[in-house]
Amino acid sequence: MSIAMARLAVADGTRYIAATPHYMPGMYDTDRTHVLQIVDQFRSALTAEGIGLTVYEGGDVHVTTGLVDKLKGGTLPTLNGTRYFLFEPPHHVVPPKLVETAKTLLDAGLVPILTHPERLTWIEKRYELVCELDEIGVPIQLTAGSITGDFGSRAKRWSDRMILEGRVDIIASDAHNTVSRPPGLSAAVRILHGMIGEANTHRITQVNPALILRNEVLQPKLRAQMPIDESEKTKQTNWSLSSIKDAVFGKKR
């Protein structure tokens, strides 16, 4: 399955990908040592198959206690061993002190990347939390399928809003398999071109991912790309989705 997914990713134009299994104590007890072992095995398999895809270590870290010590101590995987890591809040419940937790991580020299906020079921009632996280320096990552509408109109509406408000730093494939959740960014990239232009799309899909992998500071965001229809802010629909597993970074034209 991994080899088949790699072939799909390369065919779609992706050349760099991060393997980001979940970490959730008691359910997904994934530590960095194990991730590194599996990533090394996968790299060898890709070389043997002649597939031109570079794989980096990573993890999708769910909001829990003790993250600073675990991340700083190397227990949990970050993106390519940098200070950047995927940071996933619960889908259906607003976690207490989410902003305070993010500030603690930032103060410790770590950079939590908020994963797929457009798919959180509580975003309608607490969108201000997403905005506050963005404004204190937490990068925002959207799922490509939300941009294309594959996750439904609700996720697309919220992703569109965040894109047009200039809140988005990167996008991810959130790939899980070859059929229902295949890797690929090109369709979302085409939509981004139409919404925010080529330069800003390049920043989100190529420049920032490369900066993350090099442990460098992300490029500044371009705020308020377009005015938001006020009527869109109050619309609510019911939609729940599963959590992220894999994040894809970088495109070559």
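Numbers here are sequence positions counted from 1.
None of I113, L98, T115 except one satisfies the side-chain contact (heavy atoms from CB on, under 4.5 Å) rule with F87; the exception is L98. Screening H116, Q141, R119 for a side-chain hydrogen bond (donor to acceptor under 3.5 Å, both in side chains) involving D174 leaves a single residue, R119.
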Report the C-alpha separation of D169 and R203 in whole Å, then their side-chain angles, then the decisive distance to 0.1 Å, and conclude whether the side chain to side chain contact (heavy atoms under 4.5 Å, CB included) test is met. CA-CA 8 Å; D169 295 277; R203 176 185 67 85; 4.2 Å; yes
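No salt bridge links E118 with R157; every basic N to acidic carboxylate O contact stays at or beyond 4.0 Å. A salt bridge between K221 and D134 is present, with a side-chain N of the basic residue lying under 4.0 Å from a carboxylate O of the acidic one.
In this structure, the separation between CG on L185 and OG1 on T14 is 4.5 Å, given to the nearest 0.5 Å. H22 contributes atom NE2, which lies 10.0 Å from atom CG of L86 (distance to the nearest 0.5 angstrom). In this structure, CZ in R167 is found 8.0 Å from CD1 in I140, a value given to the nearest 0.5 Å. Atom CZ of R181 sits about 4.5 Å away from atom NE2 of H176, to the nearest 0.5 Å. Here L105 contributes atom CG and E100 contributes atom CD; the two are 12.0 Å apart, rounded to the nearest 0.5 Å. Expressed to the nearest 0.5 Å, how far CD1 of I136 lies from SG of C131 amounts to 12.0 Å.
F151 has its side chain out of reach of S159: every pair of non-hydrogen atoms, C-beta onward, lies at least 4.5 Å apart. Side chains of F85 and L76 form no contact here, defined as non-hydrogen atoms less than 4.5 Å apart.
Across T143 and S173, no two heavy atoms sit closer than the pair CG2-O, 4.1 Å. The two residues G137 and L106 make their nearest non-hydrogen contact at O-CD2, 4.1 Å. Closest of all the heavy-atom pairs between L71 and P77 is CD2-O, 4.4 Å. Nearest heavy atom pair, residue P112 against residue V138, reads O-CG1, 3.0 Å. Residues G52 and V10 come closest through the heavy atom pair O-CG2, 3.9 Å.
In the model, H91 has no side-chain atom that pairs as donor or acceptor with a side-chain atom of T121 under 3.5 Å.
T178 pairs by the side chain to side chain contact (heavy atoms under 4.5 Å, CB included) definition with M1, A4, M5, L8, not counting sequence neighbours. Residues passing the salt bridge (charged side-chain N to carboxylate O under 4.0 Å, His left out) test with D40, sequence neighbours excluded: R43. Under the rule for a side chain to side chain contact (heavy atoms under 4.5 Å, CB included), the partners of T30 that lie at least two apart in sequence or sit in another chain are P21, Y28, V35. Considering only residues two or more places apart in sequence or on other chains, K156 meets the salt bridge (charged side-chain N to carboxylate O under 4.0 Å, His left out) condition with D160. Here A187 pairs with T148, R190 under the side chain to side chain contact (heavy atoms under 4.5 Å, CB included) rule; sequence neighbours left out.
Pairs engaging residues 73-84 under the side-chain hydrogen bond (donor to acceptor under 3.5 Å, both in side chains) rule: R83-N215 [sequence neighbours left out].
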